[in-house]
Amino acid sequence: MRKFVNDPKQFAPEMLKGIALANPAELRYVPEYNLIMRADAPSDRKVSIVQGSGSGHEPAHVMLVGKGMLDAACPGDVFSAPPVDYVYETTKLMKSEKGVLHLVNNYTGDRLAFEMAREMAEADGIRVETLIIDDDVAVKDSNYTVGRRGVAGNFFVMKAVGAAAESGADLEALVALGKRVNSVTRTMGIALSSCTPPAKGSPLFQMAEGEMEVGIGIHGEPGRRRVKQGTANEVVSLLLEAVVTDLPFGSGDRVALMINGLGGTPIGELYLLYGIAHQRLAAQGIQVARSYVGEYCTSLEMAGASLTLVKLDDELMNLLLAPAVIPYRVF
Amino acid sequence: MRKFVNDPKQFAPEMLKGIALANPAELRYVPEYNLIMRADAPSDRKVSIVQGSGSGHEPAHVMLVGKGMLDAACPGDVFSAPPVDYVYETTKLMKSEKGVLHLVNNYTGDRLAFEMAREMAEADGIRVETLIIDDDVAVKDSNYTVGRRGVAGNFFVMKAVGAAAESGADLEALVALGKRVNSVTRTMGIALSSCTPPAKGSPLFQMAEGEMEVGIGIHGEPGRRRVKQGTANEVVSLLLEAVVTDLPFGSGDRVALMINGLGGTPIGELYLLYGIAHQRLAAQGIQVARSYVGEYCTSLEMAGASLTLVKLDDELMNLLLAPAVIPYRVF
Amino acid sequence: MSRDAAGKSACATVELVVRTIAETAIANETYFCQLDSVVGDGDFGYSLARGFEKVLENFDGFDRSSPGAFLKKVGLMIASRVGGTSGPIWGTAFLRAGSAAGAKTALSGADVVAMLRAAVAGIQARGGASLGDKTLLDALVPAIDRLEADLASGGAEALANAAQVAERAAAETSGMLAKRGRAAYTGERSIGSPDPGAVAIGVIAIRVSAAWRNYSSAKE
Amino acid sequence: MSRDAAGKSACATVELVVRTIAETAIANETYFCQLDSVVGDGDFGYSLARGFEKVLENFDGFDRSSPGAFLKKVGLMIASRVGGTSGPIWGTAFLRAGSAAGAKTALSGADVVAMLRAAVAGIQARGGASLGDKTLLDALVPAIDRLEADLASGGAEALANAAQVAERAAAETSGMLAKRGRAAYTGERSIGSPDPGAVAIGVIAIRVSAAWRNYSSAKE
Ligand SMILES: Nc1ncnc2c1ncn2[C@@H]1O[C@H](COP(=O)(O)OP(=O)(O)O)[C@@H](O)[C@H]1O
Ligand SMILES: Nc1ncnc2c1ncn2[C@@H]1O[C@H](COP(=O)(O)OP(=O)(O)O)[C@@H](O)[C@H]1O
Ligand SMILES: [Mg+2]
Ligand SMILES: [Mg+2]
Ligand SMILES: [Mg+2]
Ligand SMILES: [Mg+2]
């Protein structure tokens, strides 16, 4: 296992402690619930935004806690939804007159934990609303299945509702906004390697060089199919085709384009993909008005990338550009 | 080769094109010289800051071009210093009344290219000064060798002189400042895997799981020695010991602490290392006043990390905190 | 066998069953993770083991006023403190089984069947899965059916038969297309390997049946 | 053999040598990269091949007024357009050799030795390396010494001997500790593998000597 780790079972807590130590003025860490929270949260003048999900997706979500984005994040172990208790206690700690908004990526474990925690918190008199994020077009949606996954596109929901909450939007408005952002956000991912959860110590699946997994999620589960590795041009074609035709996006649209690294792919390659995608979109009359290139939602050290498109309007653009003070930063 | 790439020989140009497309208002790309430059540079009211070096270290240096940091970067191919022509033409394009500052990491190829280009530019009547960066404590310094390498610590030199140049500092002051920053900056790196230059197509060296290379550089060249992989605690001990004793740093010092990922190590592990290092330093009476956790200077997709300490004073702290508008960003 | 100082016999039996489930889950951590790596995310064994470790850690402190009360405490611990899908699902199962037992201090075979049916209903209410969706239900439900049908043959015999059914049904999930859980994301690729949750039910049922046989023959 | 329409003989010879060097560098790209992977960064063959590709691309357009002028153009192309350490180092070598040839249109053996000595001086001025630092100098310098000593035996013979010396000296760099270039960063680990630059000199010298022998016997 090519990892920097002490006791693999303590991977998440030790990481969280590092985040807190790096941001002593802005954040607080509550070890009992794997909780990273804004030091100045909650506030009764602002809806509290809480995100959960498993660890191993960093910077999502623990490194996105701060003014302008999340008020708290309570991750579970690597790739495991947080226990109900973490979510419940976090919700209580984040209690606000204006309510608490749960951002939940659409996975069974996460939904169950947040649903049960919400019931418990509501019994305590806390107003809670839930936003389900499901941007992954790799999963065929249907009433008879679990539906689409929430993947890298969750960044846009977090950023938009985070900014709106900061300027005082109320719970209903945030739910409506979040749903709107989710409804115009589409993602598709591809992997060139598997990844190794620290506690497992070996890769989740085997993948020879020269292969790629198409339609990969962010938990090391295999994708929809395995094919021969293509050139960067071919990879972009495949990702764009899946994303553009799904919403669909079309000529005249203004979009945000995200090339998200899955953890093991360096940013140079991501920009290479970005350049190709940007030009392809321009050729289709789709204007990229904002770019996001880097790691936003990873799958440990998996080599791979996902492509996200968000259809923009002026309101959304302004929310995306609004400042935020979070651990994931350059300076 | 688990990489997103078309023609491997076009890796750097295609990446640069992506950077430019992602930042159309701020940057210009000049394909002839692999040049990424601020769209509004040069200005006669400001010293132009130019950095070169090979590709494969992204975000260094091409993603650090922008207001408050570099005015231009002209990288060579992956791990190869730029040709003299690139540096010369870049210097001419960046010509300013206040002069041009070359930031050069201490490698033979880079030094030669910048030296020759400087001679040529000076013959054209351009004022040029050179700052050599050599923060890597893994290399034993001596008059009879090439001296220390410039590695992740170059970020601090770029950031400080970039901020000072923005507020109008003249060439002499910038050289003095850069030397000062370099003189209080120390880095040591460790790798858990090798890396694969696109044009080579296979890893530069073989490394079994469970081994680590100590004192690694940023070009895939092996380190000083190979040892059994340690726990995160042991890794931090080893890195800190090398860095702290070198300057040396001591009780009462205020420092910036950077845990830099070498490309294949996810940010979660970097924060885990950060937490350990922060606590160790605190126990020695060394106060971490500013944290940098993420990728700053990579070696393609190498799994590994480096630790940098910078001794801070108020002036330096302010320069580090000054704003900058560069492609490497979160929003 | 039982650490129950009060020595309540139904409670001791339930304790035995819970302890056996817990020990089996912990002993099979790696195996269950391996199963979950095929088309899942590899954490099933980890979540289950961490959950039942917590149960064993707190074992002596759980309310023993009745088997139902005891099971509810176990369920609460798992549901609230264990992550992944398995925390809420398994926790709910224990909670509902406990509720179905009510305040009874002695449990008949029919009571046990009713408790297991309540657990199934709870799992379905929580996760929305139907029979045939390739989840643990596909081993659990046929096993309960068999248990009920064989109750007349005596507890040990009925349990052994049910365990065999669970094991076989678990293996047969291999042919199914996953409609729930992460495995569902892989679509057709989920066919060809058994559901980890179902296999766990099979393995646990076999161990519980063996422990039960030992225990009841020792009592006789 | 020569594409030089003017048909100047000394220029044709220099062209032959440059073309042979270029073709050898390009043909050995992978091998030279491999050598540079042991304790370097694996780009030596790549830089050299890209550089000499540029030389061949522009070959017909280079100034052919004299061998010296031709070599200076080659050197300028390499020094200015090729990256890595090798661009400036090899470019400087060709530049200085060209300068040493001055405007001469015919070159004696002694002239060639003087040009090579000038190339060595240029490399040293640029890179600051001394003999024994484990660089290409450790193959180049002994080969020039031998060439000079054997000039009386005739060009083909002297070149062949010098090439053998270069090859042997290159192999012997294995035992040396690198004091220049990236290999120096690895300290003692640089001992045990030959210097890529020195090996390249050996390989190139052998090819040039063979080409020369062909060429001069064809002329006779
Ligand atoms: N909706 C559901 N209802 C019942 N059981 C489910 C459901 N989804 C998944 N499971 C069961 O959970 C098992 C996986 O558990 P676990 O690994 O903890 O889930 P995950 O990692 O997907 O959150 C599956 O093998 C299956 O038996
Ligand atoms: N200072 C120097 N002077 C002369 N030759 C040098 C020097 N440093 C390195 N070399 C030669 O250059 C070769 C490596 O070239 P190259 O791979 O282009 O350099 P790098 O990748 O280190 O920039 C070495 O094998 C050595 O022969
Ligand atoms: Mg999971
Ligand atoms: Mg190089
Ligand atoms: Mg799982
Ligand atoms: Mg090299």
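In this text the structure is predicted, and so the values were computed from the model without any measurement.
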Asker: With only heavy atoms counted, which part of A/Ile276 is less than 4.5 Å from chain B, the side chain, the backbone, both or neither?
Answerer: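 Interface part for A/Ile276: side chain.
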
Asker: Check whether A/Ala60 gets within reach of chain B through its side chain, its backbone, both or neither, counting any heavy atom under 4.5 Å.
Answerer: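 Looking at A/Ala60, nothing touches chain B.
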
Asker: Indicate the atoms forming the closest heavy-atom contact of B/Val330 with A/Arg329, along with that distance.
Answerer: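 Taking every non-hydrogen atom into account, CG2-CA, 3.9 Å.
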
Asker: Heavy-atom cut-off 4.5 Å, strictly under: side chain, backbone, both or neither for A/Ala305 against chain B?
Answerer: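 Interface part for A/Ala305: both.
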
Asker: For B/Glu269 and A/Phe11, run side chain to side chain contact (heavy atoms under 4.5 Å, CB included): C-alpha distance rounded to whole Å, both residues' side-chain angles, the deciding distance at 0.1 Å, then the answer.
Answerer: CA-CA 8 Å; B/Glu269 291 176 49; A/Phe11 178 79; 3.8 Å; yes

Asker: Checking A/Pro24 against chain B: side chain, backbone, both or neither under 4.5 Å from a heavy atom?
Answerer: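 No part of A/Pro24 comes within 4.5 Å of chain B.
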
Asker: Under a 4.5 Å heavy-atom cut-off, does chain A meet the side chain of B/Ala25, its backbone, both or neither?
Answerer: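 Interface part for B/Ala25: neither.
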
Asker: Using heavy-atom distances under 4.5 Å, tell me whether B/Met302 contacts chain A through its side chain, its backbone, both, or neither.
Answerer: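 Contact with chain A: none, neither part.
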
Asker: Select one option (side chain, backbone, both, neither) describing which atoms of A/Ala191 are under 4.5 Å from chain B's heavy atoms.
Answerer: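 Answer is neither: A/Ala191 stays 4.5 Å or more from chain B.
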
Asker: What part of B/Ile326 gets closer than 4.5 Å to chain A, counting heavy atoms only: side chain, backbone, both or neither?
Answerer: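 Just the side chain, heavy atoms under 4.5 Å.
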
Asker: For A/Gln229, is it the side chain, the backbone, both, or neither that has a heavy atom closer than 4.5 Å to a heavy atom of chain B?
Answerer: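 Contact with chain B: side chain only.
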
Asker: Let me know if B/Pro327 has heavy atoms under 4.5 Å from chain A in its side chain, its backbone, both or neither.
Answerer: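 Contact with chain A is through both the backbone and side chain of B/Pro327.
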
Asker: Between B/Met15 and A/Tyr274, is any pair of side-chain heavy atoms under 4.5 Å apart?
Answerer: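 No - every pair of side-chain heavy atoms lies 4.5 Å or more apart.
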
Asker: Would you please test A/Val236 and B/Phe4 for side chain to side chain contact (heavy atoms under 4.5 Å, CB included) and show each step?
Answerer: CA-CA 10 Å; A/Val236 170; B/Phe4 297 114; over 6 Å; no

Asker: So what's closer than 4.5 Å to chain A heavy atoms on B/Phe155: side chain, backbone, both or neither?
Answerer: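 Answer is side chain: those atoms of B/Phe155 sit under 4.5 Å from chain A.
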
Asker: Report which part of B/Leu273 has an atom under 4.5 Å of a heavy atom belonging to chain A: side chain, backbone, both, or neither.
Answerer: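 Looking at B/Leu273, just its side chain touches chain A.
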
Asker: Which bit of B/Glu301 is near chain A, if near means a heavy-atom gap under 4.5 Å: side chain, backbone, both or neither?
Answerer: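 Its backbone and side chain both get close to chain A.
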
Asker: Is it the backbone or the side chain of A/Thr298 that comes under 4.5 Å from a heavy atom of chain B, or both, or neither?
Answerer: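 Looking at A/Thr298, nothing touches chain B.
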
